[in-house]
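Lettering of chains follows the sequences in order, A, B, ..., and the numbering in each one begins at 1. Values reported hereafter were calculated over all heavy atoms of this structure, with side chains retained and with hydrogens, waters and symmetry mates removed.
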Amino acid sequence: MSTRPSYARLLPCLLVLSLLLPITALAASAGGSWEDPAGFLGRTLRFLSLRDPAVRFAVAGAALLGISCGLLGTFLVVRKLALVGDAVSHAVLPGVAAGFLWSQTKSPVAIFVGAVLAGLLGTLTVGWIRRTTRLKEDAALGLVLAGFYAVGICLVTMIQRLPTGNKSGIDKFLFGQAAAIGSGDLALMGVVTVLSILATTLAYKELLISSFDAAFARAIGLPVRLLHEALMLLLAFTIVSALQAVGVVLVSAMLITPAATAYLLTNRLHRMLILAAGLGLITGITGCFLSFLGNNLPTGPLIVVSATFLFGLAFLFSPQQGVVVRWARRRARRHRVARENTLKTLYHVLESRSFHGDDVSLGELAQRRRETLEDAAREAQALVRHRLARLHPDGQSLILTEAGRQRASELVRNHRLWELYLTHAADISADHVHEDAEKIEHVLGEEVVRKLELRLNYADTDPHGRRIPVPRAASRPNPEPGASRDPLPPAAP
Amino acid sequence: MTPAPPPAPPLEIHDLTVAYDRRPVLWGIDVVVPAGKLVGIIGPNGAGKSTLIKVCMGLVPPASGWVKLFGDPLERAHRRVGYVPQRESVDWDFPVNVMDVVLMGRYGKLGWFRRPRREDREAARASLDKVGMLPYANRQIANLSGGQQQRVFLARALAQDSDLYFMDEPFAGVDAATEAAIITLLHELRDRGKTILVVHHDLPTARNYFDLLMLINMRLVGFGPTDQMFTTELLQKTYGGRLTILSEVAEAVREKGYP
């Protein structure tokens, strides 16, 4: 494909996506302040002014998390490690509980150390199972994820039943509570985010090559294994710093969803990193906003819902891979082929009367194409809409415009050249080539036509003895961009 | 004036045995490859051809024996060695374009944390031009045909500007035009004094392509000038069924443990 996304095309995507979010904000707030627009506006203004310290902390935390998770998640997605994020986030729970038990308080340091250790133990166990048994990665991940998580739940429940100590908030690690983000948590998130940004910018080239082609990276002397472990350590840091805000269950969505959305929107890794971080940031803040509006709906799930909503939009409307976009492109191509077939028929009619007169009646068109008059009229309308033909004032016959005449003779030329080429160069008998030419005629570009003409010695009649037309201007733009601009000798797929 | 000592050979393999999962796949290989030769590594499926070059590049550890590149252990010779892995070994949906992939050939010389500079881009463009892929520089790699993907890998190796190249099946699944273009390029590299080892499994073309042949079937059957290797006896030894005992023993080693 010759069309490639540039920042110029990506930025509008991001803008549109982020503008769409407030609409969902309105919908989400329906329960509370919907009947009271002034209240809604008031709350919006209060959120935007960042007057409440709790809001300030939550927004800053969610924004930092969005960035670090977007960056790390990008590498998880392109390295096909998306499930690893899920496994690590579940595996940290026993570490959280152990850190709590050890320090007897909700000390961020103890919990951080315990959680990182548990997360790393989880990834090491996955690698160990995979290397020493015949089990594959997915089974190993499933085992570790569920096993560690179960232990974690048991420990958390035990802690809650302990008679002593300050145990409040330990259950918040399951689903998170952004409103309870403290300055210690925020500092941790800040450090982790700075680390993520430094790692992905400084070691971008090393991470790129070890992700794309690990064998080549090792062959040029890079410590690929070490890079992987460093990435896993950073992943554990990120996940642990995110626990307070979104909890162990939803962290993996923070990692994967913005990165997966970015993957649908671009073809270059550095753009994917920027996009994923940007999407993480936007959805993080949006989640906080929705939570603030929606009468204390939990922030973590709302962040994930916003991110998933944006993914849905990208899935449907991504310029390259969007389902709707591809459907529309296919439909446009189908319609173009239909129009071109009509044009060709008009040419045939004109040719059959040796090009005497310009107009072809709808009746002639219908008869040639073996269809009803209604169909012929519809096809005529399509040509008129695209300025390939105009209707005679009486409404009953068509006259080709200059562009229409041009395209029609190109199509007939393509068809006949291709038939001639198949019979000459590929030794296919003359009565077998028509079907193939019916399809090829729509995709041949001028460059290939030049080659065909040269190859066929500028022959002027096709295998059935009909004239090959010579369109006047051969330099009109290619109808299907990139379809056949091939400066190399065609390489077989 | 005392004569300088002769330069160390690009590749020296001594008594090399390799095992996967304790099961030996290569036994006691001894080879010295001279400089400026195009060498074909030939043998049946599962003979250990790819494994041999992977050991040379440090991607697979040897069970015993050693490999020296230009007289040095691999760790000190990385920058003089280029690699073309098998095309299927990477994910072609990866978000990079052709230029990004070719630039990777410069990473080894750049070293840690340094970004590709203008001269690296120039080198990458020149390599792309050599394989006829310059017009595709900005194309996403997913939109390439098999032959084009192989050309991109070759361009990346050219950008490495190495003295010794290992290529794993560069002719697998490519069209005739690409195959011809690649072999011309390899001959050109050889003529500039580079040493190239190519894993290949088409016997008839091997005769015209390579200066030296390395016949392999879990051990080194023969190594020498191509016409001397094309004897019924040697080919029979390489492809024939005489090695069943060796693979049986390999199986036994796997079951009972390598001593």
Part of B:I141 lying under 4.5 Å from any heavy atom of chain A: side chain
Chain A interface, residue from B:R114, B:E75, B:R156, B:Q160 that has the most non-hydrogen pairs under 4.5 Å: B:R156
More than 12 heavy atoms of other groups within 6.0 Å of B:R117 CZ: yes
Least distance between heavy atoms, A:M272 atom then B:P95 atom: SD-CG, 3.9 Å
Proximal to chain A - members of residues 97-104 of chain B, heavy-atom separation under 4.5 Å: B:N97, B:D100, B:V101, B:M104
Which residues share a side-chain contact (heavy atoms from CB on, under 4.5 Å) with B:R87, sequence neighbours left out: B:W92, B:Q149, B:Q150
Residues of residues 46-58 of chain B with any heavy atom under 4.5 Å of a heavy atom in chain A: B:M57, B:G58
Which atom of B:R115 lies closest to which atom of A:Y204, heavy atoms considered: NH2-CB, 4.0 Å
Contact winner vs chain B - A:L222, A:V78, A:T201, heavy-atom pairs under 4.5 Å: A:V78
B:R118 atom CZ, neighbour heavy-atom count above 12 within 6.0 Å: no
Approximate separation, where rounding is to 0.5 Å, of A:E206 CD and B:L110 CG: 9.0 Å
Residue selection (most heavy-atom pairs with chain B, distance under 4.5 Å) from A:I220, A:V224, A:V77: A:I220
Residues in salt bridge (charged side-chain N to carboxylate O under 4.0 Å, His left out) contact with A:R218, at least two apart in sequence or another chain: none
Toward chain B, the part of A:L208 with a non-hydrogen atom under 4.5 Å: both
Heavy-atom neighbours of A:W128 CH2 exceed 12 at 6.0 Å: no
Rounded distance (nearest 0.5 Å) linking atom CZ of B:F153 with atom CZ of A:F216: 8.5 Å
Pick from B:V90, B:D93, B:L74 with the largest number of heavy-atom pairs that fall under 4.5 Å of chain A: B:V90
Proximity breakdown for B:V96 and chain A, heavy-atom pairs closer than 4.5 Å: both
A:R130, CZ: over 12 other non-hydrogen atoms inside 6.0 angstrom: yes
Closest contact, heavy atoms only, B:F113 versus A:L202: CD2-O, 3.4 Å
Steps toward side chain to side chain contact (heavy atoms under 4.5 Å, CB included) verdict (A:N267, B:F94): CA-CA 8 Å; A:N267 278 334; B:F94 199 90; over 6 Å; no
